[in-house]
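What you see is a predicted model, and the numbers here were worked out from it, not measured in a lab. Each chain gets a letter, A, B and so on, in the order its sequence line appears, and its residues count up from 1.
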Protein chains: 2
Amino acid sequence: MSSRRATIADVAREAGVSASTASVVFSGKVVVSDATRAKVIAAAESLGYTGPDPRAASLRTGRAGIVAVLFRERLGAAFRDPVNAAMMDGLSDALAPIGAGILLLRDEGPDAPATAPSLTSAPIDAAVLLGCNEIVRASVETVRGRGLPVAVIEGDAGADIPRILLDNREAQRQAAEHVRSLGHRDVAIVTLPRDGARRRGFHDDEAGITVDVTRDRLQGARDVYPDAPAYATAESSIDEGLAAGRVLLAGVRPTAILAQSDMLAAGVIRAAEEAGLRVPEDLSVTGFDGIVVDGLAPYALTTLVQDAAAKGRAAGEAVVAMLEGREPASLTLSCTFRRGNTTAPVSVSAGKALGPRSDSAG
Amino acid sequence: MSSRRATIADVAREAGVSASTASVVFSGKVVVSDATRAKVIAAAESLGYTGPDPRAASLRTGRAGIVAVLFRERLGAAFRDPVNAAMMDGLSDALAPIGAGILLLRDEGPDAPATAPSLTSAPIDAAVLLGCNEIVRASVETVRGRGLPVAVIEGDAGADIPRILLDNREAQRQAAEHVRSLGHRDVAIVTLPRDGARRRGFHDDEAGITVDVTRDRLQGARDVYPDAPAYATAESSIDEGLAAGRVLLAGVRPTAILAQSDMLAAGVIRAAEEAGLRVPEDLSVTGFDGIVVDGLAPYALTTLVQDAAAKGRAAGEAVVAMLEGREPASLTLSCTFRRGNTTAPVSVSAGKALGPRSDSAG
DNA sequence: TTGTATGCGTTATCAT
DNA sequence: ATGATAACGCATACAA
């Protein structure tokens, strides 16, 4: 037994057949006589050959069987967001027919070490870009330069790149309308991060927001409440929402808070409880995403329900279509407004401002 | 311009150099004169060549730059568990030096479609197995058959496979001791899933538990409370803990509940609140993992703190070591007991049993 | 049903 | 510092 691993040629020789015949036994693409197959299998067994080397196969076929997903954040952070979890489910479903695995890639930005696996150097068949910021365009260029299919989820990818969008602005506008219809005029907004830096604080330069989701949802809120204070968080989590809620409930107290995600909304509710406020009697809160916030019961958030799994599925289907030479479909998904028990008509006792009331309804 | 993509040979020809020289310009492994480099870069640019084809490179070098992580569950479920998130952070840190990407693979079991990307057919350099059940051994065989390095996290992998373990039993025993020292005798246990089927309900066949973590932690509890009722959940989540808590608090009410994860413990606390019980006055609760349960404040769980990131890092370091021909290290990590505010001495008013008290302390 | 021939695109080795 | 050569292991078109 040589130290070198057996190849299909070795197996073929051992079995007394040609390499192509042996190859065909493993790929199953051509009919082979049972006798021949048995010989080949036996030879493989005796040589410890466990199947074709994927590297060589992929060079030959031009397919690696891998689709990359590019996250903006640390992998751990991506894992912590339930919306991503649903998206991954949809994506892996859509990829199942072509049997592609999912390669997690992190958008390292320009300061990446050269050794980092990247869109440039990973053996992939296609890529799904996620996250909608300034870097997406560059990433799209990279992948396209390699001649690989790309789909973009919630980002602006440029012409003829299939994109999966959400009606973020319109949906958020609906929630804001709902809140206004309940009589709320003093409203505050808790937003997702505005850019890669993820700094907390009140928004000053809203035109400079580079995260599409953040910008679009904020615009939807602005359509109804052009002057409401908006506070940016560092990520979509309950604790970030809690921190933002504390800030917003400390000063001129709003009667309603529009949060850009359910996780943030859940945090805002905790902040309200902490401040001795009842939700929704003293403070109305809306979320976004329609996920199940583990442990938030008995509250049922008033929120916009999005189908995150559908986003992943659509992106997966788009790259599969392109891989098979078909025309990919772009898609704009709609959110569904769902009224829960966290919004109620403004009450006279609510919104006890610590300072003068600001009338910010548009 | 031909329809075929440019190769390094085309670039070399265009630049008037040899293919090997052009190759070296991209790999940077050998010194090249500035003039030559510039020529090659320019030629590449003009031909739209974006760098070596990773498939061909990996065939030639024998490296794909990809490490697989095998999960037992749906990808979405894996994403929802905070312990996995931390583990991924550690793993990607450890893999950074060799610049390997992370391929998500799901343990499909025997009923997988042939097309599924798997340990057998994915172009990977190594694998990290996670999840400690009956299937791990088969997976190890598969990967080893390919001659690839493997590391196993919290599972029994057989000889000379590096494994990253936690002192689950000892740690859980500590927590149980703590609870006993507080005077608790009527104790119940909420466990992680017992096997792949993930059925909820009281344990009957504890010897038949195939998930190592579940079995080991349960044994630790059994060292102190051999007869405490143990209820299995379907996954580690607050809602599962809530459901289990409801069951356990409905009948003969224990004065303390040992949960096998913090998420489960958080759910148990919610169940207690729901039942009008105060934690820790009426019910003591312990968790496991030491994660930050988003939104659980003001409770600080009494729990066993594990360093999940260290688990991922150790697994990553083990495969990197093997890839570099060094000896990999197995590692057993210890949990640290952390007393929070969810455990207290048993009080005379607590544990108002609906039936007769069962003395189950050992 | 099986075999023959060829090339997928690269990089390591060695010589120059 | 650069170039020539030879694999890397496989899968397909085509011939037999």
(request) Could you run through nucleotides 8-16 of chain C and give me one letter per nucleotide, 5' to 3': B if any protein heavy atom sits under 4.0 Å from the base, S if only the sugar-phosphate is that close, - if neither? (result) BBBBB----

Throw together a table of side-chain donor-acceptor distances under 3.5 angstrom for residues 320-330 of chain B, partners on residues two or more places apart or in other chains.
unit_1, atom_1, unit_2, atom_2, d
B/Glu324, OE1, B/Arg326, NH1, 2.3
B/Ser330, OG, B/Arg163, N, 3.0

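Remark: B/Asn84 engages A/Phe79, B/Phe71, B/Glu73, B/Ala78, B/Asp81, B/Met87, B/Leu130 in a side chain to side chain contact (heavy atoms under 4.5 Å, CB included) (not counting sequence neighbours).
Atom P of nucleotide C/dG7 and atom CG of B/Asp10 are separated by 15 Å, given to the nearest angstrom. As a whole-Å value, the separation of A/Arg37 CZ from C/dT1 C1' is 12 Å.
B/Val69 is not listed as a side-chain neighbour of A/Leu104, based on a closest heavy-atom distance of 4.5 Å or more. Within the 4.5 Å cutoff, the side chain of B/Glu14 has heavy atoms near those of the B/Ser46 side chain.
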(request) For the pair A/Arg146 and A/Ile124, evaluate side chain to side chain contact (heavy atoms under 4.5 Å, CB included) and give the outcome as yes or no after the intermediate values. (result) CA-CA 10 Å; A/Arg146 286 179 61 182; A/Ile124 57 177; 4.1 Å; yes

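For B/Ser18, no side-chain nitrogen or oxygen approaches OP1 or OP2 of D/dA4 to under 4.0 Å.
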